[in-house]
There are 2 protein chains.
Amino acid sequence: MFIILVYDANEKRVQKFHKTCKKYLTWVQNSVFEGEITEANLRILTDELKDIMDENEDSVLIYKFRTKKYYERDSIGISKPSHEDLFF
Amino acid sequence: MFIILVYDANEKRVQKFHKTCKKYLTWVQNSVFEGEITEANLRILTDELKDIMDENEDSVLIYKFRTKKYYERDSIGISKPSHEDLFF
């Protein structure tokens, strides 16, 4: 399946969120990842995120799509910061 | 069509982004909006965003879907801040 994952996390945990998501998905914007993922890997990813997040402070939205067929993405402005290492 | 709009904007402009998007879409997370929108309104929205954004600093991603049929959204942690007026 194809997913778009967006998180809103406390500054203290943003780096851990980023590194965890990056193992399974493609970074497309500051707190936005997307990509194809299996049901099993999505479960592992969400478990890992639950381990690092504070569910009273942080928020994760996962949009799941069976197919990319009906999907189109437009981008305005800069693409994600080119120097990822500057940030993480 | 159904869209998911995610922005990453300079702190100085976040409030304007929020108020502009809120006219057309539903706020679901810190810098994430979603909802049904016509092609014409999407053009108006993107033009309004282009007027307020600095395309060298800010970024907007718009995921467009012809149908919500293949779409499912999971949420972990808090939903968007309940007191919207506290923030905007």
Side-chain angles (χ1 to χ4, degrees), chain A residues 1-11 13-14 17-18 20-21 26-35 37 39 42-43 45-82 87, chain B residues 1-11 13-14 17-18 20-21 26-35 37 39 42-43 45-82 87:
Chain A
M1 90 188 97
F2 175 78
I3 72 167
I4 301 162
L5 185 149
V6 191
Y7 58 78
D8 178 26
N10 182 300
E11 203 54 45
R13 289 183 288 277
V14 164
F17 268 78
H18 183 90
T20 302
C21 293
T26 305
W27 184 35
V28 289
Q29 196 193 68
N30 206 3
S31 53
V32 183
F33 284 78
E34 67 176 48
I37 190 169
E39 198 75 51
L42 179 56
R43 259 196 308 277
L45 169 57
T46 44
D47 287 346
E48 286 183 28
L49 290 176
K50 282 177 184 169
D51 286 347
I52 57 177
M53 72 192 284
D54 174 340
E55 296 201 25
N56 299 310
E57 261 190 56
D58 306 330
S59 160
V60 175
L61 291 180
I62 299 170
Y63 293 91
K64 297 198 280 191
F65 301 88
R66 264 173 283 159
T67 163
K68 271 181 88 167
K69 221 166 51 176
Y70 301 103
Y71 151 73
E72 199 189 313
R73 171 154 65 87
D74 292 349
S75 166
I76 316 171
I78 57 161
S79 58
K80 70 174 173 26
S82 49
F87 292 87
Chain B
M1 92 190 97
F2 175 78
I3 72 167
I4 301 162
L5 185 149
V6 191
Y7 58 80
D8 178 25
N10 183 300
E11 202 52 47
R13 290 182 288 278
V14 163
F17 268 78
H18 182 91
T20 302
C21 293
T26 306
W27 184 36
V28 285
Q29 195 193 69
N30 206 4
S31 53
V32 183
F33 285 78
E34 67 176 46
I37 191 169
E39 199 74 51
L42 179 56
R43 258 196 310 278
L45 170 56
T46 43
D47 287 345
E48 287 184 27
L49 289 175
K50 281 178 184 168
D51 285 346
I52 57 175
M53 71 192 285
D54 173 341
E55 297 203 24
N56 297 312
E57 263 190 52
D58 307 330
S59 161
V60 175
L61 290 181
I62 299 170
Y63 293 91
K64 298 197 279 190
F65 302 87
R66 265 173 280 158
T67 162
K68 271 181 86 169
K69 220 167 51 175
Y70 302 103
Y71 150 74
E72 199 190 313
R73 171 156 65 89
D74 291 348
S75 165
I76 313 172
I78 56 161
S79 57
K80 71 172 175 21
S82 51
F87 293 86

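Convention: sequence-line order gives letters A, B, ...; per-chain numbering from 1.
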Worksheet item: Which one, Asn56(A), Ile76(A), Leu5(A), Ile62(A), leads in non-hydrogen pairs under 4.5 Å with chain B?
Response: Ile76(A)
So which part of [X] gets closer than 4.5 Å to some heavy atom of chain A, the side chain, the backbone, both or neither?
X	result
Ile4(B)	side chain
Asp58(B)	backbone
Val32(B)	side chain
Glu34(B)	side chain

Practice prompt. Under the side-chain contact (heavy atoms from CB on, under 4.5 Å) rule, what do Phe65(B) and Phe65(A) come out as? Steps first, then yes or no, please.
Written response: CA-CA 10 Å; Phe65(B) 302 87; Phe65(A) 301 88; 3.3 Å; yes
Fill in: CD1 on Ile3(B) to CG on Asp74(A), rounded to 0.5 Å
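One gets 9.5 Å once the value is rounded to the nearest 0.5 Å.
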Discussion item. Ignoring hydrogens, what is the shortest heavy-atom contact between Ser59(A) and Gln29(B)? Give both atom names and the distance.
Written reply: OG-NE2, 2.8 Å
